[in-house]
Undergrad: 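Got a structure here, written out as structure tokens. Questions coming.
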Amino acid sequence: MHTKGTFKPEEFERDIYKTWEEKKYFHAEVDKSKEPFCIIMPPPNVTSQAHIGHALDMTYQDVLTRFKRMQGKSALWLPGADHAALATEVKLVEKLKKEGKTKEQIGREAFDKEAWAWYNHYGDRIMTQFKTLGFSADWDRYHFTMDKTSTSAVLEAFIRLYDKGLIYRGTRQTHYCVSCKSVISDDEVVYSDEKGSMWHIRYPFADGSGYIVVATTRPETLFGDTAVAVNPKDKRYKKLVGKMLKLPLTTREIPIIADDYVEESFGTGMVKITPAHDPNDYEVGKRHNLELISVIDKEGKMSAVSGKEFEGLSIKDARAKVEKLLKEQGLLEKVEPYTHSVGHCERCKTPIEPMITEQWFVKMSELVKPAIKVVKDGGLKIYPKRFEKNYFHWLNNIQDWCISRQIWTGHRIPIYYCDKCKNVVASKNAPTKCEKCGCTHFTQDPDVLDTWFSSALWPFSTLGWPEKTEDFNYFYPTSVLVTAYDILTQWATKMVYMGFECAKDTPFRNCLIHGLVRDEQGRKMSKSLGNGIDPLEVSEKYGADALRLALVKDIALGIDTKFSMTKVDNSRAFLNKVWNASKFVSLHSSDVELVPIEEVKKDVKDKWMLYKLSHLIKTVTSNLEKFDIGMALSNIYNFIWNEFCDWYVELCKPSIFKGGEEKANTVSVLNFVFDKLLKLLHPFAPFVTEYIYQNIKTLDKSESIMIASFPTASNVSAFKKAYLEEEQRLEAIKLIRNIKAEAKIASNVRSLVYFSGELTNDAKDEIEKLATIVLTNERGAGRIVITSLGEFVLLDEKKDKGEIEKDLLAQIEKIKFEIERSQKMLSNPRFVEKAPQSLVEEEKRKLENNNLTFETLKSKLNSLK
RNA sequence: GGGAGUUUAGCUCAGUUGGGAGAGCAUCUGCCUUACAAGCAGGCGGUCGUAGGUUCGAGCCCUACAAUUCCCACCA
């Protein structure tokens with residue numbers, strides 16, 4: 001039995017998890033007799049370590065999975081990891097650099113091997129970490145975005161989209177990272193303000209009649225200028241439109257054009273247009289049919305177009321040289337400091353270069369339509385609802401998705417070019433013979449796919465798609481996606497439109513958005529700030545259960561949460577409380593033959609407890625169904641501590657100490673209730689609940705609490721009367737405790753209290769024990785308190801008449817205030833008319849009671865005089 | 001520039017269709033009462049950001065404003 005020892009989670013968490021794994025409780029099977037429930041785990045980067053954000057995200061998922069599993073669903077939580085192509089490549093290149101190598105030196109094949117060695121090395125580290133936090137994912141179905149099934153899904157999806165004309169190759173301006181030597185998507189560009197300079201450069205007129213001045217932050221791109229633009233409404237420059245300028249440091253001439261894009265008030269009102277190296281200029285260039293001149297190459301060096309003097313220079317050197325030459329030629333008006341926003345590569349932090357390149361794109365306009373519709377129609381619900389706005393905004397403004405990357409890590413694009421006739425073939429395997437020219441030699445496109453391409457297929461690739469597997473048929477669409485709001489648009493949207501395109505349905509029915517975990521000052525946790533909290537350290541010290549509770553207690557959906565060790569301490573204190581409650585239950589159950597709940601003779605306190613328990617079960621279940629796990633946990637926490645421990649356990653003691661049948665009955669109910677509470681708590685604190693469950697005596701015990709049934713509310717309307725009766729007793733106890741404290745009587749001193757009304761023996765025992773008093777019907781003077789049971793007088797306090805009178809007057813004042821309040825409401829005809837009848841009745845009842853109390857108090861006062 | 005969140009006790013935050021303001025921590029008082037001092041009992045503490053409006057009634061609904069955080073776009 002479980003009657004000794006203190007709460008030491010480190011002594012049992014590991015073993016319990018091992019048992020769960022051995023018993024295969026995490027494994028979900030296709031079972032047509034059960035309803036499916038499925039969560040696909042958002043795959044963390046395979047090489048990352050578990051951080052506090054994961055802990056929150058996964059706790060949400062584990063709570064829901066465990067809840068549904070206990071409800072009898074076939075609950076699948078499918079885990080996996082992501083290869084994070086660009087992030088991994090950056091790290092691999094760094095590693096090679098340390099070894100004095102480059103990826104080009106070792107070649108593509110060897111590089112692939114390096115990548116796989118890397119995956120294998122880190123492969124299950126993060127998943128092992130997740131296990132220590134108690135997560136109940138089905139590890140048998142672990143997937144990786146580069147594994148066979150995922151690769152097969154990627155190939156299938158690519159070729160389908162290609163054949164439908166939804167994937168195409170195009171030349172356009174894209175963000176290019178000269179360090180990663182790859183194009184990156186808009187989402188992978190992070191902007192930050194940087195101190196730079198604004199160069200004011202003189203562009204002479206071609207006819208030698210003076211010059212104009214343009215302002216730029218990128219003087220080195222002037223070799224790519226193909227025009228200077230002014231606003232068509234700008235009176236200053238209207239006459240100049242059409243005139244030709246001599247481009248400094250070159251022999252070229254460029255025109256002055258008019259375009260709305262230019263703001264009159266900014267800089268000089270004249271903008272140099274460099275279509276190949278600026279997104280806005282690119283658009284202007286398209287409108288005016290300007291030539292694209294690339295002056296920066298993919299290495300981040302100046303190209304031949306910029307002239308012999310500049311060719312091969314870095315951007316930085318070129319900039320300095322341009323400045324020097326302009327100065328020498330008297331073409332530099334001034335240089336002023338200027339702070340502006342500069343885009344950087346998310347992974348390697350290098351400033352990005354807008355560049356014209358040839359890339360593969362996914363055409364979005366049609367693809368996006370069902371994804372918008374499903375949310376509008378309610379086929380996919382987003383919690384909280386307000387995030388729908390972000391979702392729609394994103395999809396309505398979406399650009400074609402650039403999916404090719406010039407790196408080596410990831411899924412290679414399944415496009416082959418005929419060596420002879422350049423025929424383009426999309427194929428899962430290398431084609432053997434060209435249909436057009438019969439050539440047998442093909443070269444595969446060197447690029448790989450954006451990581452998000454495989455992540456977009458994640459909800460169905462993990463279930464076996466494109467094969468028509470049983471898993472896919474049973475579990476797809478999945479039940480809910482759990483993720484933080486920062487990734488809703490980047491990832492969730494992709495899964496939805498790819499889900500419709502490939503798997504013909506929404507990938508998940510619900511999308512649950514939670515906030516981010518911040519530090520105590522509300523800052524984002526990051527390596528550079530050094531404010532990160534390692535969930536594994538916390539778990540090791542305080543137990544995984546305490547960590548989980550600290551993360552999700554009192555959090556609201558979609559709202560950031562601040563993490564603090566105070567919360568962990570509090571959670572541990574709560575678990576300790578549960579631990580001690582279990583010791584109490586155990587201690588008194590050992591010598592008792594438990595009676596099934598239907599057959600137990602229940603007294604008032606038992607009915608009161610069962611009545612309240614039934615309501616708790618309803619509330620918790622409904623909150624969990626709404627994904628409000630923060631609220632559900634609060635419900636359970638408050639009930640266990642404030643209702644069960646503080647009141648019910650104490651109420652049980654008189655019966656327990658009496659022994660015999662009365663004890664057996666009480667302990668049976670106590671056991672029943674505690675068992676239900678453990679089950680309610682289990683999804684949140686799986687380890688300690690399992691440990692206690694295994695070590696206490698209960699009827700109908702399952703092999704594990706994990707697979708026990710989640711409590712369901714029973715009909716308790718018959719207990720309502722007893723419930724109200726108990727509430728009256730508790731009210732009296734609280735009021736008596738209160739006057740005792742006010743009278744400065746120590747809480748452990750048994751006070752003599754006068755009471756003249758009728759009480760059952762039970763009630764008398766309870767009140768005497770819990771208020772620490774002895775009741776007597778011998779009248780005396782003292783502090784008076786009026787309760788719904790009658791009048792109690794505290795006798796053992798030496799008080800003179802004056803003080804008692806003062807007390808009474810204070811009570812009378814209080815009650816008068818109440819009476820006036822009720823009267824005011826009830827005398828308002830519009831309240832009586834319009835407010836719900838039950839409310840009006842309630843108010844009338846209160847007024848009546850208060851009037852009675854008022855009369856009693858007044859007669860007391862009079863009798864003193 | 002566009003959009004969203006937040007603003008409630010000293011601190012961290014709940015508050016489920018509008019119907020007498022809540023928890024934890026901190027603090028104060030008294031208790032080592034036979035499950036638990038990681039505890040028990042009792043207190044102190046709030047014009048619910050500001051100003052209007054709707055309503056019999058507003059922390060909750062509407063409007064404006066302020067502070068703060070974030071997202072998107074952009075910054076020649």
Side-chain angles (χ1 to χ4, degrees), chain A residues 3 6-7 186 191 193 198 214-218 229 261-263 266-274 278-281 338-342 384 386-387 389-390 393-394 397 485-486 488-489 515-516 518 520 522 524 553-556 558-564 566-567 569-588 619 622-623 626 628 630-631 634 637-638 641-642 645-646 649-650 653 657 734 737-742 744-750 769-772 818 821-822 825 828-836 838-840 842-843 846:
Chain A
T3 57
T6 49
F7 172 54
D186 294 356
Y191 290 89
D193 278 351
M198 179 81 90
V214 300
T216 179
T217 53
R218 301 286 311 270
Y261 155 67
V262 182
E263 265 181 61
F266 193 93
T268 58
M270 294 199 133
V271 190
K272 69 193 232 6
I273 301 297
T274 322
D278 181 278
N280 291 305
D281 293 6
Y338 182 68
T339 302
H340 62 138
S341 163
V342 179
R386 63 185 150 84
F387 283 104
K389 275 194 182 175
N390 297 25
H393 182 264
W394 182 270
N397 292 285
Y485 57 71
D486 58 347
L488 169 73
T489 46
L516 306 173
R518 298 177 173 277
E520 279 172 88
K524 240 179 173 169
K553 171 127 197 300
D554 286 337
I555 63 171
I559 295 196
D560 289 352
T561 171
K562 286 178 196 156
F563 188 83
S564 70
T566 312
K567 288 183 183 177
D569 274 329
N570 181 240
S571 300
R572 188 180 51 157
F574 170 69
L575 295 169
N576 185 51
K577 187 76 181 173
V578 176
W579 178 271
N580 283 311
S582 76
K583 283 192 340 195
F584 179 84
V585 174
S586 243
L587 181 68
H588 298 291
T619 311
S622 129
N623 280 326
K626 285 189 291 190
D628 193 348
M631 187 52 79
S634 276
Y637 178 103
N638 291 328
W641 205 319
N642 306 126
C645 291
D646 288 350
V649 165
E650 296 304 319
K653 282 178 180 173
F657 295 138
K734 283 182 222 169
R737 280 175 178 171
N738 196 294
I739 55 169
K740 266 185 74 179
E742 274 175 14
K744 303 259 180 243
I745 296 169
S747 54
N748 62 339
V749 171
R750 279 194 170 267
K769 171 124 180 61
L770 271 67
T772 324
E818 293 296 313
R821 191 189 138 272
S822 296
M825 282 177 88
N828 181 344
R830 280 171 296 194
F831 172 74
V832 181
E833 265 171 50
K834 293 191 175 178
S838 61
L839 223 120
V840 178
E842 174 71 10
E843 210 52 49
K846 278 186 203 164

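A note on names: the letters A, B, ... follow the listed sequences, proteins ahead of strands, and every chain is numbered from 1.
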Undergrad: I need the OH-C1' distance between A:Tyr261 and B:C74, as an integer number of Å.
TA: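 Roughly 9 Å, once rounded to whole Å.
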Undergrad: Quick one: sort the A:Phe387 and A:Tyr485 rings into parallel, tilted or perpendicular, breaks at 30° and 60°.
TA: parallel
Undergrad: Is the backbone of A:Glu818 close enough, under 3.5 Å, to the side chain of A:Lys846 for a donor and an acceptor to pair up by distance?
TA: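 No.
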Undergrad: Determine the interatomic distance between C1' on B:C13 and the same-named atom on B:G59; round to the nearest Å.
TA: 15 Å
Undergrad: Using the P atom on both, measure B:G42 against B:G10 and round to a whole Å.
TA: 23 Å
Undergrad: Under 4.0 Å between any heavy atoms, over every strand shown, what does A:Lys740 touch: base, sugar-phosphate, or nothing? Just pick one.
TA: nothing
Undergrad: Looking only at heavy atoms, which two atoms of A:Asn397 and A:His393 are closest? And how far apart?
TA: ND2-O, 2.7 Å
Undergrad: Return the nearest nucleotide to the side chain of A:Ser747; candidates are B:U33, B:U12, B:G39.
TA: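 Taking heavy atoms from C-beta onward, the closest nucleotide is B:U33.
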Undergrad: Given atom CG of A:Asn828 and atom C1' of B:G57, what is their separation to the nearest angstrom?
TA: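 Distance, rounded to whole Å: 9 Å.
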Undergrad: Just checking A:Ala746: base, sugar-phosphate only, or nothing, at a heavy-atom cut-off of under 4.0 Å?
TA: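 Sugar-phosphate, no base atom in range.
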Undergrad: Whole angstroms only, please: what is the CZ-P distance between A:Phe584 and B:U33?
TA: 16 Å
Undergrad: For A:Asn390, answer base if it contacts any base atom (sugar-phosphate contacts may also be present), sugar-phosphate if it contacts only those atoms, and nothing otherwise; contact means non-hydrogen atoms under 4.0 Å.
TA: nothing
Undergrad: Please answer whether the main-chain N or O of A:Asn576 pairs with a side-chain N or O of A:Asn580 as donor and acceptor at a distance below 3.5 Å.
TA: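 Flag set: sc A:Asn580 to bb A:Asn576 pair under 3.5 Å.
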Undergrad: Is there a donor-acceptor pair closer than 3.5 Å between any side-chain N or O of A:Arg737 and the backbone N or O of A:Ser747?
TA: no
Undergrad: Taking for each residue the nucleotide of RNA chain B bearing the nearest heavy atom, is the 5' side occupied by A:Met270 or by A:Trp579?
TA: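 Looking at RNA chain B, the more 5' nearest nucleotide goes with A:Trp579.
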Undergrad: Could you give the distance separating B:G46 and B:G22 at their P atoms, to the nearest angstrom?
TA: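 That atom pair is separated by 14 Å.
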Undergrad: Testing A:Asn280, A:Asp278, A:Thr216, A:Val262 for side-chain contact (heavy atoms from CB on, under 4.5 Å) with A:Val271, which one passes?
TA: A:Val262
Undergrad: Think A:Lys769 has a side-chain N or O under 4.0 angstrom from the OP1 or OP2 of B:U33?
TA: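 Indeed not, no polar side-chain atom of A:Lys769 lies that close.
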Undergrad: Could you state the OH-P distance from A:Tyr485 to B:G5, rounded to the nearest angstrom?
TA: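 After rounding, the reported distance stands at 13 Å.
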Undergrad: Do A:Lys577 and A:Tyr637 touch side chain to side chain, with heavy atoms closer than 4.5 Å?
TA: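 Result no, sub-4.5 Å side-chain heavy-atom pair not found.
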Undergrad: Between B:G15 and B:U29, how far apart are the two C1' atoms, rounded to whole Å?
TA: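 Approximately 30 Å lies between the C1' atom of B:G15 and that of B:U29.
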Undergrad: For residues A:Thr561 and A:Ile555, report the shortest heavy-atom separation together with the two atoms involved.
TA: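 Heavy-atom minimum between the residues: OG1-CG2, 3.7 Å.
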Undergrad: Given the C1' atoms of B:G49 and B:G39, what is the spacing between them in whole Å?
TA: 39 Å
Undergrad: Would you say the side-chain atoms of A:Lys567 pair up with the backbone N or O of A:Lys553, donor to acceptor, closer than 3.5 Å?
TA: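 Between the backbone of A:Lys553 and the side chain of A:Lys567 there is no qualifying donor-acceptor contact (under 3.5 Å).
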Undergrad: Does A:Glu842 reach a base, just sugar-phosphate, or nothing at all? Heavy atoms under 4.0 Å.
TA: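 A:Glu842: no heavy atom of the nucleic acid under 4.0 Å.
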Undergrad: Hey, does the side chain of A:Asp560 reach the backbone of A:Gly515 with a donor-acceptor pair shorter than 3.5 angstrom?
TA: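 Not confirmed, A:Asp560 side chain does not pair with A:Gly515 backbone.
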Undergrad: Please determine, for the side chain of A:Lys389, which listed nucleotide (B:G3, B:G42, B:C74) has the closest atom?
TA: B:G3
Undergrad: For B:U47 and B:C25, measure between their P atoms and round to the nearest Å.
TA: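 23 Å, rounded to whole Å.
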Undergrad: With a 4.0 Å cut-off on heavy atoms, is A:Phe574 in touch with a base, just the backbone sugar-phosphate, or nothing at all?
TA: nothing
Undergrad: Quick one: A:Asn280 CG to B:A73 P, roughly how many Å, whole number?
TA: 13 Å
Undergrad: May I ask you to verify if any side-chain N or O of A:Asn738 is less than 4.0 angstrom from the OP1 or OP2 atom of B:G43?
TA: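 So the side-chain polar atoms of A:Asn738 do come within 4.0 Å of the phosphate oxygens OP1 or OP2 of B:G43, strictly under.
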Undergrad: Out of B:A38, B:A76, B:U33, which has the shortest distance to the side chain of A:Asn748?
TA: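 Per side-chain heavy atoms of A:Asn748, the pick is B:U33.
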Undergrad: Going 5' to 3' through nucleotides 14-24 of chain B, assign each nucleotide B (protein heavy atom under 4.0 Å from a base atom), S (under 4.0 Å only from sugar-phosphate atoms) or - (no protein heavy atom that close).
TA: SSS--BB---S
Undergrad: When the distance from CZ of A:Phe387 to P of B:U6 is rounded to whole Å, what number comes out?
TA: 9 Å
Undergrad: Regarding A:Ser634 and A:Asp554, is there a side-chain donor-to-acceptor distance under 3.5 Å anywhere?
TA: yes
Undergrad: With a 4.0 Å cutoff (strictly under), does any side-chain N or O of A:Trp641 reach OP1 or OP2 of B:C40?
TA: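 For A:Trp641, the contact criterion (side-chain N or O under 4.0 Å from OP1 or OP2 of B:C40) is met.
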Undergrad: Over how many whole Å does the gap from A:Ile273 atom CD1 to B:A76 atom P extend?
TA: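 Taking atom P of B:A76 as the reference, CD1 of A:Ile273 is at 12 Å.
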Undergrad: Which is true for A:Thr216 with a 4.0 Å heavy-atom rule: it touches a base, it touches only sugar-phosphate, or it touches nothing?
TA: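 Contact class for A:Thr216: sugar-phosphate only.
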Undergrad: Report yes if the side chains of A:Phe657 and A:His588 come closer than 4.5 Å at any heavy-atom pair, otherwise no.
TA: yes
Undergrad: Just how far, in rounded Å, is C1' of B:U33 from NZ of A:Lys653?
TA: 8 Å
Undergrad: Hey, does A:Arg572 reach any base, or is it just sugar-phosphate, or nothing, if we go heavy atoms under 4.0 Å?
TA: base
Undergrad: What would the secondary structure line of RNA chain B be in dot-bracket form, counting Watson-Crick and G-U wobble pairs under 3.5 Å, with [ ] for pairs that cross earlier ones and | for pairs with another strand?
TA: (((((((..((((.....[..)))).(((((.......))))).....(((((..]....))))))))))))....
Undergrad: By the 4.0 Å heavy-atom rule, please label A:Asn397 as base, sugar-phosphate, or nothing.
TA: nothing
Undergrad: In whole Å, measure the gap between the P atoms of B:U68 and B:U8 for me.
TA: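 Between the two P atoms, the distance is 15 Å.
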Undergrad: Are A:Thr274 and A:Lys272 close enough that a side-chain donor and a side-chain acceptor fall under 3.5 Å?
TA: yes
Undergrad: Answer with base, sugar-phosphate or nothing: what part of the nucleic acid does A:Lys577 contact at a heavy-atom distance below 4.0 Å?
TA: base
Undergrad: With a 4.0 Å cut-off on heavy atoms, is A:Val832 in touch with a base, just the backbone sugar-phosphate, or nothing at all?
TA: nothing
Undergrad: Taking atom P in both B:G5 and B:U63, what distance in whole Å separates the two?
TA: 12 Å
Undergrad: Tell me what A:Phe563 touches on the nucleic acid: a base, only sugar-phosphate, or nothing, going by heavy atoms under 4.0 Å.
TA: nothing
Undergrad: Among B:C36, B:G42, B:G30, find the nucleotide with the atom closest to the side chain of A:Glu650.
TA: B:C36
Undergrad: So, does A:His393 get its side chain near the phosphate of B:C71, meaning an N or O under 4.0 Å from OP1 or OP2?
TA: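 Indeed not, no polar side-chain atom of A:His393 lies that close.
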